Amino acid sequence: MRMSRLVGARYKERPAEATLDSHAYLLRGGYARQVANGIYSLLPPALRVARKIEQIIREEMNRIGGQEVLMPVVLPKELWEESGRYAAVGSELVRFNDRTGHGMVLGMTHEEAVVHLCRNEIKSHTQLPFMVYQIQTKFRDEPRSRGGLIRVREFTMKDAYSFHANQADLEVFYRECYRAYQRIFARAGLPQVVAVESDTGMMGGKVAHEFILLTDAGEDTIVICEETGYMANLEVAQGHIQAYPEPPKPLEKVHTPNCSSIEEVASFLGILPRQTAKVVFYDQDSDGKLVMAIIRGDREVNEAKLARIIRALPQPASEERIRSVGAEPGFASPMGLDLDKIHLVVDHTVRESNNLVTGANERDYHYRNFNLDRDVPGVETVDIVKVQQGDFSADGKGVLKLKRGIEVGNIFQLGDKYTRAMGMSYTDEQGKSCIPIMGCYGIGVGRLLSSTMEVYHDEHGPIWPITIAPWQVHLNAIKMDAPGVRETAESLYDQLNQAGVEVLFDDRDARPGVQFADADLLGIPFRLIVSERNVKSHVVELKYRATGQSENIAVDTAVQTVKKVIENARQSIESVADQY
RNA sequence: CGGGGCGUAGCGCAGUCCGGUUUAGCGCGCCUGCUUUGGGAGCAGGAGGUCCGGGGUUCGAAUCCCCGCGCCCCGACCA
């Protein structure tokens, strides 16, 4: 490719809307242009990176037996009604009518489509297991996109779906896919991507992992224990919360005027927040009951954990709703309430504490010395606590740290949610009709591209790993009209192309500074610089984007040298992947 | 959906409070010419604007008022 012909301007100045470095370079380097909120066009450099990422994904999916298919972006609403998600999913699912008034949706994920595809093709246990995948455009009408390609409404995703006769078989394949993912990220130059335990959300199923690239630019919070190797998304992370047991004391009602928050009560009574029990109301559980969540006063409720227990999205309850069960907002506790009317969810930290201060369900009054097992006997406690930096790991052997990360992939064990709802079945060895179980496995291509930029850049631009770089070599001709420069550069360009090296040739008559700055923005790992002084001494300069180091190599053997350097770089990345 | 910020040339911005010397300006970029050529050159000339849109106030609106729209950030949400 000749740079004089390359579509896409590069800017010297950082675009105002970019807060992330990767977003700024995406625009400055001529990689992508925004069309609307969360909707982008890709220019050649970005598309080339995306294609390389896709190819790595393809190779690794094929290696574990995946078969590539292509399903439609536009799907009839009936499919989503079959699974129940037409009603369950909110406005992220784009719904519209075709010209005949028939309801359609834009596919945001393809469980329905893949079951539709496979239920007519798979009839026998002999055909199981199998996995199909596609690399395709998804549209999710996100309430809030951000950070360039990190979080967008339209994006390219690899989504894979596996079908199995039983859970054990799914688990075997799940491990294989897990390994394939580790290989994919390593081959893309990001071996630091880690798998963490994650929430299954509304996907259903029990086991799920997210593949996370740790970076402050990320929007997920990851809990890590270096001592034990534990890693989990904050949404599901468990910890061991330090308890402070003491002998129970008699219950005592105290006047606490205008103390409706934990901070006010604690400071009024001269105690610590952890010596209180905090009550948080949510409207409502899956049966429509008011939810009363109780946690130690110094702690926050983890609403993702709570959502799984109440099987509904926790929404704050109104004061009227709280009063309707006899509780007093700001002074609430389960004491004296009809527990059949509410869904009581008590965290373990409350059972493990003694003599807590809690509400008296009467304005301006609290109880001292609340002890769960004595005062509200028979309550089962659960884990709804949001872990914090510094908590012990669940096994007590280490300390938890919180870090930010970007979710670049995920894998789920789905179970039979979709196959059962959509009537997919096969005949087993005994001639009995059975429902297959599924796994699903996603990777966001554009997000991976952006994330790579986010972790591999300097103050001049991105630094691409050789395996996904838009081109392998950036060829600069300094002062084209000087004796021998054009001839040498053109000759190298031809030789490199003939040798199968992907080369971007800066054939513009631009000043060196301009050429080098543009080259930095394109982030190609190896640079060849042809100039008058180099030509005179029959050398060409080979410069490394990552380190800035350079060496002069002989023009005559430059192509072989470059091929070797590329191959070495590729090998060193692949060898990391081969450890998985 | 809640909170905050912003919208003036391809990009970065000034002008907006306090309406009229602004014919809407500056830097970068772009075009032409000459010079220059190892880290974003110099000189000269030039092109490029629905000042986000629609109403209104006024002799006069980028500027004031009303109603929209869009973008960014934080939060909620994220199948």
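No experiment lies behind these values; they were computed from the predicted model shown. Every chain is numbered from 1 and lettered A, B, ... according to where its sequence line falls, protein lines coming before strand lines.
Residues that satisfy the side-chain hydrogen bond (donor to acceptor under 3.5 Å, both in side chains) test with Tyr161(A), not counting sequence neighbours, are Asp159(A). For Asn534(A), the side-chain hydrogen bond (donor to acceptor under 3.5 Å, both in side chains) partners are Ser531(A), not counting sequence neighbours. Every residue two or more places apart in sequence or in another chain that forms a side-chain contact (heavy atoms from CB on, under 4.5 Å) with Thr221(A) is listed here: Leu234(A), Leu402(A), Arg404(A). Applying the side-chain hydrogen bond (donor to acceptor under 3.5 Å, both in side chains) criterion to Gln472(A), with sequence neighbours excluded, gives no partner residue.
As the counterpart of C1(B), G75(B) is assigned, both hydrogen-bonding distances of the Watson-Crick or G-U wobble pattern falling under 3.5 Å. Judged by Watson-Crick or G-U wobble contacts below 3.5 Å, the nucleotide G68(B) has C52(B) as its partner. Under the Watson-Crick or G-U wobble criterion, with both distances below 3.5 Å, G39(B) has no partner in any strand shown. With a cut-off of 3.5 Å on both pairing distances, the Watson-Crick or G-U wobble partner of C30(B) is G46(B).
Each of Lys386(A), Lys278(A), Gln388(A) was scored for a side-chain contact (heavy atoms from CB on, under 4.5 Å) with Arg299(A), with one residue passing: Gln388(A).
Taking the P atom of each, G12(B) and C6(B) are spaced 16 Å apart, rounded to whole Å. Here, C51(B) and C78(B) have their P atoms 42 Å apart, quoted to the whole Å. Between the P atoms of A9(B) and G19(B), the separation comes to 24 Å (whole Å).
Considering only heavy atoms from C-beta on, Ile435(A) stays 4.5 Å or farther from Met424(A) through its side chain.
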Atom pairs and distances, donor-acceptor, side-chain atoms in residues 284-292 of chain A, under 3.5 Å, two or more places apart:
from      : atom 1 : to        : atom 2 : distance (Å)
Asp285(A) : OD1    : Asp287(A) : N      : 2.8
Asp285(A) : OD1    : Gly288(A) : N      : 2.9
Asp285(A) : OD1    : Lys289(A) : N      : 2.8
Asp285(A) : OD2    : His343(A) : ND1    : 2.7
Ser286(A) : OG     : Arg311(A) : NH2    : 3.3
Lys289(A) : NZ     : Asp340(A) : O      : 3.0

Distance-only check: which donor-acceptor pairs under 3.5 Å involve side-chain atoms of residues 210-217 of chain A, not counting sequence neighbours?
from      : atom 1 : to        : atom 2 : distance (Å)
Glu210(A) : OE1    : Asn233(A) : ND2    : 2.7
Thr215(A) : OG1    : Ala217(A) : N      : 3.0

Seminar exercise, completed: B/S/- along nucleotides 68-77 of chain B (protein heavy atoms under 4.0 Å) is ---SSSBBBB
For this session: Let me have a per-nucleotide readout for nucleotides 32-44 of chain B, 5' to 3', with B, S or -, counting only protein heavy atoms under 4.0 Å.
Result: ----BBBBBB---
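Counting only residues at least two apart or on different chains, the ring-ring contact (aromatic ring centres under 6.0 Å, His included) pairs with a member in residues 534-557 of chain A are Phe526(A)-Tyr544(A).
Between the C1' atom of C78(B) and the CG atom of Leu93(A) lies a distance of 14 Å, rounded to the nearest Å.
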